[in-house]
Amino acid sequence: MVAARVVLHVDLDYFYAQCEEREDPSIGGKPVVVCVYSGRTADSGAVSTANYVARQFGVKSGIPIVLAKRMLKDEDAVFLPVNRKFYEKVSNSIMNLLRGHADSFEQVSIDEAFLDVTKRINSNFEEARKLAQRIKEEIMAKEKLTCSVGIGPNKLVSKIAAGFRKPDGLTVVKPEEVEAFLAPLPVGKLYGVGKKTEKVMEKFGIKTVGDLAKYNTEKLIEIFGKTLGVYFHNAAKGIDEEPVQERGRAESLSRIKTLKEDTRDLKVILEEVDRLCSEVHSRVVQQGLNFRSVGIMAVMTDMSVHSRTKTFENSTNELEVLRSTAKELFERFLRQQPELEVRRVGVKASNFEESQKKQTRLIDFANKT
DNA sequence: GTATGCTTTCGGC
DNA sequence: TTACGGCCGAAAGCATAC
């Protein structure tokens with residue numbers, strides 16, 4: 001019998017806005033809204049993050065800035081532009097602190113990470129709670145920020161546990177508590193269950209994770225196929241074997257920008273696209289990568305989102321390939337989409353390989369064997 | 001019939 | 001009342017391979 005794993009999920013609370021509160025304590029207690037301004041008109045753009053005071057008024061990430069201003073018009077609210085470089089620095093400092101507390105570590109995003117602490121706390125969940133408390137205190141001491149922590153026997157449970165109580169929460173779900181903890185949650189909370197899958201499950205009377213756990217496994221396999229059926233069966237019981245491990249390079253690098261005004265003028269579009277290509281290219285090269293796929297994105301006047309991708313046989317790191325492919329994809333897209341004007345344009349590189357020709361030459365391969 | 005890979009869209013922050 | 005960013009990985013749809 002192998003002792004249970006113990007996994008922590010750490011989630012920094014309303015991260016961008018909390019960083020701003022720390023930098024300027026005079027805004028503490030007020031609604032704080034961190035915004036991405038598009039530069040098109042004074043307040044065009046969207047909310048990136050809002051603190052919990054602002055959330056009480058309905059302000060949340062993704063809504064238009066003008067709408068957030070209306071919701072907060074009678075309040076002494078603070079609107080700030082995003083300062084990503086600054087948040088990245090704070091994040092890096094905290095991620096390094098967290099890494100030092102883990103047997104294995106996995107950063108998920110700028111404000112989230114998994115820590116496998118099984119060995120250092122000897123599979124003892126009470127010790128894990130104490131460790132999490134110490135970690136919270138350290139983050140407060142070093143970076144003056146709060147976070148929410150979830151503890152469980154795997155990534156699936158710890159992630160849901162972290163979201164259970166926030167901000168500044170700490171939720172422990174012991175192995176024997178897992179099924180009861182998950183049972184009342186909607187199936188959509190499970191990783192791998194999106195809107196479409198949720199609809200299909202509902203059709204079969206499966207609404208909660210508990211419903212899914214009780215459901216006949218053979219029938220699940222009939223509905224979703226073997227791989228997914230077995231996966232859902234396990235997930236509903238809180239069984240998840242995904243290891244906590246450092247992530248490699250990103251899977252894609254992209255830039256997107258709102259145009260000064262909506263247009264269908266290919267010349268105007270390609271001028272911006274060329275700039276975006278250069279920026280994506282320099283990031284790709286900086287990381288020592290080759291790309292095998294080039295993608296474009298277009299957001300139209302009606303806010304509909306479209307994308308096109310082209311994948312090559314061989315990878316490259318040439319700017320000219322990025323530019324000419326993006327151009328070709330935009331030309332083709334505008335022909336297929338002959339009515340609407342373009343509002344935002346984006347460029348993406350993906351399908352990466354290391355660019356140093358470290359590939360084993362055939363002769364080296366022969367010598368090794 | 002199931003797995004895999006590519007493409008497009010969705011959704012969280 | 002309308003309003004509207006930038007970036008990433010997940011989800012979903014489809015074609016083809018096994």
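Just so we're on the same page: letters track the sequence lines, and every chain starts at 1.
A donor N or O paired with an acceptor N or O is found under 3.5 Å between the base of C/dG5 and the side-chain atoms of A/S48.
If you find the closest nucleotide of DNA chain B to A/K195 and to A/I221, the one lying nearer the 5' end belongs to A/I221. The nearest heavy atom of DNA chain C to A/R344 and to A/R249 marks one nucleotide each, and the one closer to the 5' end goes with A/R344. The residue among A/K159 and A/N351 whose nearest nucleotide of DNA chain B lies closer to the 5′ end is A/N351.
Because its NZ or CZ atom is not both nearer than 6.0 Å to the ring centre of A/Y191 and within 45° of the ring axis, A/K159 does not count as a cation-pi partner of that residue.
Separating the NZ atom of A/K155 from the C1' atom of C/dG9 is a distance of 13 Å, rounded to the nearest angstrom. What separates CE of A/M297 from P of C/dG5 is a distance of 15 Å, to the nearest Å. When rounded to the nearest whole Å, the span between CZ of A/R308 and P of B/dT7 equals 12 Å. Taking atom CD on A/E313 and atom P on B/dC6, their separation rounds to 10 Å, with Å as the unit. Distance CG (A/L67) to P (C/dC4): 10 Å, rounded to an integer number of Å. The distance from atom CG of A/L228 to atom P of B/dG1 is 17 Å, rounded to the nearest whole Å. Rounded to an integer number of Å, the gap from A/H306 NE2 to B/dC10 P is 10 Å. Rounded to whole Å, atom P of C/dG6 lies 15 Å from atom OH of A/Y87.
Taking side-chain N and O atoms only, A/T197 has a distance below 4.0 Å to OP1 or OP2 of C/dA12. One finds a side-chain N or O of A/Y191 lying less than 4.0 angstrom from the OP1 or OP2 phosphate oxygen of C/dA10.
Between A/F114 and A/F105, the distance separating the two ring centers is not shorter than 6.0 angstrom. Taking the six-membered ring for Trp, A/Y215 and A/F232 have ring centres at least 6.0 Å apart. Between A/Y87 and A/Y16, the distance from one ring center to the other falls under 6.0 angstrom.
For the residue pair A/N290 and A/T316, no side-chain donor N or O sits within less than 3.5 Å of a side-chain acceptor on the partner. A side-chain N or O of A/T311 and one of A/S293 form a donor-acceptor pair less than 3.5 Å apart.
The closest donor-acceptor contact from the side chain of A/R264 to the backbone of A/L340 lies under 3.5 Å. In terms of modelled atom types and a separation under 3.5 Å, the side chain of A/D103 and the main chain of A/K119 share a donor-acceptor contact.
Residue A/K144 qualifies as enclosed at atom NZ: its count of foreign heavy atoms under 6.0 Å is above 12. Counting non-hydrogen atoms of other residues, nucleotides and ligands closer than 6.0 Å to CD of A/E261 gives a total of 12 or fewer.
For the C1' atom pair drawn from C/dC4 and B/dC13, the interatomic distance equals 16 Å after rounding to whole Å.
An angle of 20°, rounded to 10°, separates the two end axes of the helix from B/dG1-C/dC18 to B/dC13-C/dG6, each defined over five pairs.
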Dump every N/O contact between nucleotides 13-15 of chain C and the protein below 3.5 Å, one line per pair.
from	atom 1	to	atom 2	distance (Å)
C/dG13	OP1	A/K196	NZ	3.1

Please list, pair by pair, any protein nitrogen or oxygen found under 3.5 Å from a nitrogen or oxygen in nucleotides 16-18 of chain C.
none

Self-check item: Stepwise side chain to side chain donor-acceptor pair (under 3.5 Å) test for A/S252 and A/S350
Solution: CA-CA 4 Å; A/S252 68; A/S350 59; over 6 Å; no

Exercise. Could you check A/S148 against A/D13 for side chain to side chain donor-acceptor pair (under 3.5 Å), going step by step and ending with a plain yes or no?
Key: CA-CA 7 Å; A/S148 296; A/D13 298 320; 2.8 Å; yes

